[in-house]
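This report concerns only the one structure given below.
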Amino acid sequence: MRSRTATCSCGQLRIEVQGEPLGVGLCHCFACQRRTGSVFAALAGFAAPYKVFGTATEYVRVGDKGAKFRFRFCPVCGTNLFHTEEGREDSSVGVAVGAFADPSFPPPQDSVYDCRRHSWVQLPPETTIYERDPA
């Protein structure tokens, strides 16, 4: 089974995941734009188990439908590396695609909160688009 490691900018925090992503998606919601400092978040979901190395700072945000998401940041460099949904920590993890530093990483299949996508952001062909959160 393939192993991948995502790392923060300074290398203090990293996460190792196994296998192929369960899914890769983009989120254009305002919370993700503010959280990443970019115009969207690119995330890949992976099945557990996963291993975390280093120390993380945590921030919990409540989603539009009431789910609580625990985001982990490096306390040294501030990189937002991964997150879990409360109550599902033992089943999956969402990892920032850019933290893998792998240009061959699979493209997104889904794009959520398209209603907040910046007009100049172009999506890959075949991307399924949702105006809001489909979950």
Side-chain angles (χ1 to χ4, degrees):
M1 186 177 299
R2 181 175 183 177
S3 172
R4 298 177 196 257
T5 301
T7 307
C8 70
S9 293
C10 72
Q12 185 278 137
L13 180 62
R14 60 189 194 282
I15 184 169
E16 182 181 289
V17 293
Q18 303 295 320
E20 293 304 312
L22 299 171
V24 180
L26 303 178
C27 182
H28 305 275
C29 79
F30 292 145
C32 281
Q33 289 182 34
R34 288 183 183 109
R35 177 178 58 79
T36 64
S38 182
V39 296
F40 58 83
L43 304 163
F46 289 90
Y50 51 90
K51 295 179 188 174
V52 176
F53 304 89
T55 303
T57 297
E58 299 181 352
Y59 172 72
V60 176
R61 185 177 71 79
V62 179
D64 288 352
K65 298 188 178 182
K68 292 182 181 178
F69 298 94
R70 185 173 301 274
F71 293 91
R72 274 50 165 241
F73 300 80
C74 174
V76 178
C77 67
T79 300
N80 178 209
L81 193 59
F82 67 97
H83 74 277
T84 54
E85 183 177 345
E86 287 193 357
R88 300 180 131 193
E89 299 89 350
D90 294 335
S91 62
S92 65
V93 63
V95 183
V97 170
F100 289 106
D102 177 3
S104 68
F105 202 88
Q109 296 104 3
D110 300 301
S111 179
V112 299
Y113 283 97
D114 199 67
C115 62
R116 296 181 181 153
R117 177 168 50 103
H118 289 237
S119 62
W120 48 265
V121 172
Q122 301 298 308
L123 301 175
E126 311 295 321
T127 304
T128 302
I129 296 171
Y130 299 94
E131 283 300 303
R132 299 209 179 268
D133 182 359

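Two residues are said to be in side-chain contact when any heavy atoms from C-beta on lie closer than 4.5 Å; R70 and R72 meet this criterion. Residues F82 and V52 are in side-chain contact: their nearest non-hydrogen atoms beyond the backbone lie under 4.5 Å apart. The shortest distance between side-chain heavy atoms of H28 and V121 falls below 4.5 Å.
Closest heavy-atom contact between L22 and S92: CD1-CB, 4.3 Å. Residues Q12 and C74 share a closest heavy-atom pair of NE2-SG, 3.4 Å. When all heavy atoms of A44 and V97 are compared, the closest pair comes out as N-CG2, 3.8 Å. Nearest heavy-atom pair across L123 and D114 is CD1-OD1, 4.0 Å. Here the closest heavy-atom approach between residue R132 and residue V112 is recorded as O-CB, 3.9 Å. Counting all heavy atoms, side chain and backbone alike, T36 lies closest to A41 at CG2-CB, 3.8 Å.
Rounding to the nearest 0.5 Å places SG of C29 at 7.5 Å from CZ of R35. Remark: R116 CZ to E131 CD distance equals 10.5 Å, nearest 0.5 Å. Annotation: the span from H118 atom NE2 to F40 atom CZ amounts to 10.0 Å, rounded to 0.5 Å. Between the CG atom in N80 and the OG atom in S38 there is a gap of 11.5 Å [rounded to 0.5 Å].
Between F100 and F105, the angle of the ring planes stays under 30°, which puts this pair in the parallel group of the 30/60° scheme.
When atom types are taken as modelled, the side chain of Q109 and the backbone of V24 share a donor-acceptor pair closer than 3.5 angstrom. No side-chain donor-acceptor contact under 3.5 Å links Q33 to the backbone of A31. The backbone N or O of T79 sits nowhere less than 3.5 Å from a side-chain atom of S9 that would complete a donor-acceptor pair.
When hydrophobic clusters are built by joining Ile, Leu, Val, Met, Phe, Trp and Tyr residues whose side-chain heavy atoms come closer than 4.5 Å, directly or via intermediates, F46 is grouped together with L13. No chain of hydrophobic side-chain contacts below 4.5 Å, direct or via other Ile, Leu, Val, Met, Phe, Trp or Tyr residues, connects F69 to V62. By the criterion of side-chain heavy atoms lying less than 4.5 angstrom apart, applied directly or through intervening Ile, Leu, Val, Met, Phe, Trp or Tyr residues, I129 is grouped together with W120 in one hydrophobic cluster. V95 and L43 fall into different hydrophobic clusters, where Ile, Leu, Val, Met, Phe, Trp and Tyr side chains are chained together by heavy-atom contacts under 4.5 Å.
Partners of R4 under the side-chain hydrogen bond (donor to acceptor under 3.5 Å, both in side chains) rule, at least two apart in sequence or in another chain, are E20.
Stacking of R61 on the aromatic ring of F71 is not recorded, the 6.0 Å distance cut-off and the 45° axial limit not both being met.
The local environment of CZ in F53 is crowded, with over 12 non-hydrogen atoms from other residues, nucleotides or ligands closer than 6.0 Å.
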